[in-house]
Protein chains: 2
Amino acid sequence: MGRTREFDVERTLHQCMEVFWEKGFQTTCLDDLTETTGVKKQSLYGAFENKRALFLKALSLYREQSISQLEELASDEAPPMEQLQAVGNLVLGYTNENCKGCLIINTALEFGSSDEEVLREVETMYAETERILSTIIVRGQDQQQITRRHTAPELAAHLTNVIRGSQVLAKSGVSADQSGAVLKTAFSLLAP
Amino acid sequence: MGRTREFDVERTLHQCMEVFWEKGFQTTCLDDLTETTGVKKQSLYGAFENKRALFLKALSLYREQSISQLEELASDEAPPMEQLQAVGNLVLGYTNENCKGCLIINTALEFGSSDEEVLREVETMYAETERILSTIIVRGQDQQQITRRHTAPELAAHLTNVIRGSQVLAKSGVSADQSGAVLKTAFSLLAP
DNA sequence: TTTGTTCTTGACCATGCGGTCAAGAAAGTG
DNA sequence: CACTTTCTTGACCGCATGGTCAAGAACAAA
């Protein structure tokens, strides 16, 4: 009972995510959100509790979206090294598109360790990324294309870190070529 | 002629740098600065033009300081691999101390590519870091401790990227051990 | 000592922002 | 049709913030 909502909550959340992604949490004001979504302030507050809660929902959405893209990519039957390259392309396509970078990383640096829930989200993203990369690396090791001088989880943590770095690099305004080259070097160093 | 300034401009700049480092540009308000420096608003505006100009000065100071620390470290006669480890320790000691991260990287992500001067500062930092790492790597290659499968500049760009990643990691609230382990893996992968 | 210049101080201003209020509109229920 | 409930809308509030003003204080040159 009661009046039915006139806007699509899911769609609105997606749009808000885009805005947060582009501008960050602090810099995004409610007017930005109402303007791009077309949803008035009070309606936004009706669907999501407040700015921070809305942001956390957007953050989760982003993580789920990113991880499922990675998972899809890791589940095809391409050679491991090609999968890694594809991961790199995905990640840099992401970041270079509009130089928005990765929302998780942007958020990690904006919040530092000041917000427990944000922290959890960031750590989950890191862990999931390592997990997926690890499965690719294991196959790479099985096929003698990746060194065994380190364990798969170690290499996965390392690669995740390399990706983090290149996402920052990409957002720092350097060319896509440069960030791509860095990733290529890193992948090449994994050879046995 | 005219009244002499009662506060030490250089010291004040250092203090402001610390505040910006800890809180970022946006989040730092003038009251934060006047409170920690003890210098009143108008006096601050007398010495530095405005908040942004003050920030840019603090950013330059940070970069110069960091680079000269790196340079000092690279100029001793320790074995190259030990120098790299020392670089890692320096960088992580930096970031883990109070989880402030690296001011340059924090700034790069906060500003994106919206501010020309900030961008220049960030790119200079990256370039200088690569230059110094490259000199260490060259010596490592001469002593057969670092692979020659890539050129020194390539490896330097890669290592700079790894460091970027681990600085983000450190600021993301993970333990110092974890960020340290990632660096160790990366260094170890440089072996011939 | 006078004068001109710069620094200091605290009050002041305009604005942007997150969040709330109250009144009206639409829907379900009896 | 009443009645209740939820959504919508626009006005409103309190507060923080970057920046400015004006008056007084300290110093150097004349």
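Chain A is the first sequence line, chain B the second, and so forth, proteins listed ahead of strands; every chain is numbered from 1.
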Test of understanding: with salt bridge (Lys or Arg N to Asp or Glu O under 4.0 Å), list the residues that count as partners of A:Glu128, not counting sequence neighbours.
A:Arg131
Take the protein atom CG of B:Asp31 and the nucleotide atom P of C:dC12, then report the distance between them rounded to whole Å.
16 Å
B:Asn161 side chain vs A:Val182 backbone, donor-acceptor pair below 3.5 Å
no
At under 4.0 Å between heavy atoms, which parts of nucleotides 1-10 of chain C does protein reach? Answer with one letter per nucleotide, 5' to 3': B base, S sugar-phosphate only, - none.
---BBBBSBB
For atom CG of B:Leu30 and atom P of D:dG18, their distance in whole Å
4 Å
Expressed in angstrom and rounded to an integer, what is the separation of A:Lys51 atom NZ from C:dT20 atom C1'?
17 Å
Taken to the nearest whole Å, CZ/B:Phe25 to P/D:dT17 is 13 Å
Mind calculating the distance between CD (B:Gln26) and P (D:dA16) to the nearest angstrom?
17 Å
Please state how far atom CZ in A:Phe48 lies from atom P in C:dG18, giving the value in whole angstrom units.
16 Å
B:Phe48: what forms a ring pair (Phe, Tyr, Trp, His ring centres under 6.0 Å) with it, not counting sequence neighbours?
none
Is it the case that the side chain of B:Glu154 and the backbone of B:Thr151 share a donor-acceptor pair, with hydrogens and angles ignored and the cut-off at 3.5 Å?
yes
What's the CZ-C1' distance between A:Phe55 and C:dG19, to the nearest Å?
19 Å
Among A:His158, A:Arg149, A:His150, which residue meets the side-chain hydrogen bond (donor to acceptor under 3.5 Å, both in side chains) test with B:Ser188?
A:His150
If you look at every strand shown and take non-hydrogen atoms under 4.0 Å, does A:Asn50 touch a base, only sugar-phosphate, or nothing?
sugar-phosphate
When the distance from CD of B:Glu35 to C1' of D:dT17 is rounded to whole Å, what number comes out?
15 Å
Just by distance, do the side chain of A:Arg164 and the backbone of B:Arg164 share a donor-acceptor pair under 3.5 Å?
no
Is the shortest side-chain N/O distance from B:Tyr45 to OP1 or OP2 of D:dT20 below 4.0 Å?
no
Assess the residue pair B:Glu18 and B:Thr36 against the criterion (side chain to side chain donor-acceptor pair (under 3.5 Å)); give the C-alpha distance rounded to whole Å, side-chain angles, the decisive distance to 0.1 Å, and a yes or no.
CA-CA 10 Å; B:Glu18 290 284 336; B:Thr36 63; over 6 Å; no
For a quick check of understanding: with a heavy-atom distance under 4.0 Å over all strands, which category does B:Thr28 fall into, base, sugar-phosphate or nothing?
sugar-phosphate
